[in-house]
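In what follows, a single structure is set out as structure tokens and then discussed.
Numbers here simply count residues along the sequence, with the first being 1.
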Amino acid sequence: MKNAACETTARDQLQVRWQRVAFPCRLFVWSRIALLGFAQLALTLVPALWWGPGPQGLLSRYPALAGLCRWDCGQFERIARLGYREAYWTNFFPLYPVLARGIHAATGIEMHLALLLVSNVASLGALIVIYRIFTLAAGEDAARWALALLVAYPFAFFQATGYPESLMMFFTALAILLALRRQHVWAGVALGLGVLARHLALFAGVSLVAAQIRQRGVHPRRLLLNRAILGLAAPWLFLGLYCYYQYRQFGIPLAFWTARAGWGPRAWWGVVQLLTTKAHDVDVQVMRGYLPFALVPTAGTVAFIRYRRWTELAAFAIVFMVVLWSVGMWGLGRYSASCWPAFLPLGVWLAKRPKIQALTIGVMSLFQGLFFYLFVHQFPIL
């Protein structure tokens, strides 16, 4: 009898755990089937690329996978294979190529494929963690629509490509979830790993600060004389270790920062500079095309004004979007897709409007297909 009861309890616990991850897993599977199928179709019907060759080797024989490896994917593959040979390569942060190199060393699979594997495993993990946060914050129905909006967002395809965006999204979400659970030191460690994937993850640190203040109040002694404060220092320690490596390797502790100088003034453009420039080349036109779609997470960020109980999520979204609109036009598309907290208020709003739910997801998916088609053909969607 005891064995039967234990088996029933274990089965019930397994079922509960599956219910917590079933929706994000299904969403991940269907979105990847759609992206792979679309890439296969796009490169089969129109194989010519807008700019330069695609990846060589294994992926060149599989259009569905080759379509996911464009632009920065080649740079990360080179770093994973050769290490940091030049100082300006440090602008591409190390966690992503290090993980891909580890998978390549352990399994022998081609490096480009290892990069895509890391991206997509991290993306699945990110969806699971974000869904958990959204469910705790607003309930299951709102969480489902918020996650569906996030996956359908026009630039969400970057979470499946040879970019570290999904790693950043996973670790920022994990850090915030741990902070909400009062595991502040581990939250700092998670965010530190996120910083090693993409430096913009550092802005999620405001959420960790907000969580500690909310849990212990604005009392200097409670905040500063508590071991949880180590969680706020951890991300900076991880960044410091990377800077130390740059100093040892190139004699420049902030080589990743100075590398951006080679990109010209556009590397620091905000919306004012973008709209007032008279340039009409392809890169500028593409950046201008980002603007109407970036209004989606921006609207979600503004909507946090109505939901003050979500202070931790709002803190990250507000700081992140302000930075993008101020100095981040170059990467506004893919970076805005990483502002995952902004989709929670939008999900709450959409959950109450069943008549437009399918239309909203469909329209966003349609535009994602458009941008993904351009990305697959190496149009400068960066």
Side-chain angles (χ1 to χ4, degrees), residues 71-105 111 114-115 118-119 121-122 125-126 158-159 161-176 178-179 184-209 229-263 267-268 316 319-320 323-324 327-328 330-331 334-335 338 382:
W71 299 109
D72 288 2
C73 180
Q75 183 68 55
F76 281 112
E77 188 275 339
R78 182 166 57 176
I79 293 171
R81 183 165 40 86
L82 303 175
Y84 287 98
R85 296 287 182 87
E86 303 288 343
Y88 72 90
W89 291 8
T90 58
N91 184 65
F92 301 90
F93 272 50
L95 182 62
Y96 185 43
V98 164
L99 291 176
R101 185 184 182 95
I103 291 175
H104 169 74
M111 197 71 78
L115 287 167
V118 171
S119 293
V121 170
F158 276 105
Q159 312 298 337
T161 63
Y163 278 69
E165 315 310 312
S166 55
L167 274 174
M168 180 176 73
M169 193 163 72
F170 170 69
F171 282 115
T172 55
L174 181 61
I176 292 175
L178 291 170
H184 296 292
V185 174
W186 285 114
V189 172
L191 188 56
L193 291 170
V195 170
L196 291 183
R198 177 75 78 183
H199 62 291
L200 289 175
L202 195 61
F203 294 118
V206 296
S207 293
L208 306 194
V209 174
I229 199 69
L230 297 175
L232 302 182
W236 295 98
L237 175 61
F238 278 77
L239 180 60
L241 290 173
Y242 184 45
C243 291
Y244 178 70
Y245 167 79
Q246 294 169 77
Y247 173 73
R248 290 295 302 271
Q249 186 78 359
F250 305 108
I252 309 172
L254 294 176
F256 78 91
W257 186 268
T258 57
R260 295 181 66 88
W263 299 4
W268 302 102
F316 176 32
V319 172
F320 197 80
V323 169
L324 293 189
V327 294
W330 190 280
R334 58 190 161 96
Y335 290 153
S338 299
L382 307 175

Arg198 side chain vs Pro164 backbone, donor-acceptor pair below 3.5 Å: no
Whether Phe320 and Phe203 hold their rings parallel, tilted or perpendicular, with breakpoints at 30° and 60°: perpendicular
Centroid-centroid under 6.0 Å between Trp268 and Trp257 rings: yes
Test item: Glu86 and Trp89 side chains (from C-beta on) under 4.5 Å apart, heavy atoms: yes
Atom pair OG1 (Thr258) and CD (Gln246), whose distance is rounded to the nearest 0.5 Å: 8.0 Å
Value rounded to 0.5 Å, distance of CG in Leu324 from CG in Leu200: 7.0 Å
Criterion side chain to side chain donor-acceptor pair (under 3.5 Å) on Tyr96 and Ser119, from CA distance to verdict: CA-CA 8 Å; Tyr96 185 43; Ser119 293; 2.7 Å; yes
Minimum heavy-atom distance between Ala80 and Pro97, given as atom pair plus value: CB-O, 3.6 Å
Aromatic ring proximity, centroids under 6.0 angstrom, Tyr242 and Phe93: yes
Distance, nearest 0.5 Å, that separates CE of Met169 from CG of Leu167: 10.0 Å
Trp71 atom CH2, neighbour heavy-atom count above 12 within 6.0 Å: yes
Working for side chain to side chain contact (heavy atoms under 4.5 Å, CB included), residues Phe256 and Cys243: CA-CA 8 Å; Phe256 78 91; Cys243 291; 4.0 Å; yes
Leu202 and Trp236: CA distance, side-chain angles, deciding distance, side chain to side chain contact (heavy atoms under 4.5 Å, CB included) verdict: CA-CA 8 Å; Leu202 195 61; Trp236 295 98; 3.4 Å; yes
Glu165 backbone acceptor or donor facing Arg334 side chain under 3.5 Å: no
Pair Leu95-Phe171, side chain to side chain contact (heavy atoms under 4.5 Å, CB included): steps then yes or no: CA-CA 12 Å; Leu95 182 62; Phe171 282 115; 3.7 Å; yes
Side chain proximity check, Gln159 to Ser338, heavy atoms < 4.5 angstrom: yes
Where Ala114 and Ala100 come nearest, the two heavy atoms and their spacing: CB-O, 3.5 Å
Side chain Tyr84, main chain Phe92, donor-acceptor under 3.5 Å: yes
Atom pair OG1 (Thr172) and CG (Leu208), whose distance is rounded to the nearest 0.5 Å: 10.0 Å
4.5 Å side-chain heavy-atom contact, Phe170 and Val121: no
CZ-CZ distance between Arg85 and Arg78, expressed to the nearest 0.5 angstrom: 10.0 Å
Taking every non-hydrogen atom, the tightest pair across Leu191 and Ala204: CD1-CB, 3.7 Å
CG-NE2 distance between Leu178 and His184, expressed to the nearest 0.5 angstrom: 10.0 Å
Criterion side chain to side chain contact (heavy atoms under 4.5 Å, CB included) on Val189 and Phe238, from CA distance to verdict: CA-CA 8 Å; Val189 172; Phe238 278 77; 4.2 Å; yes
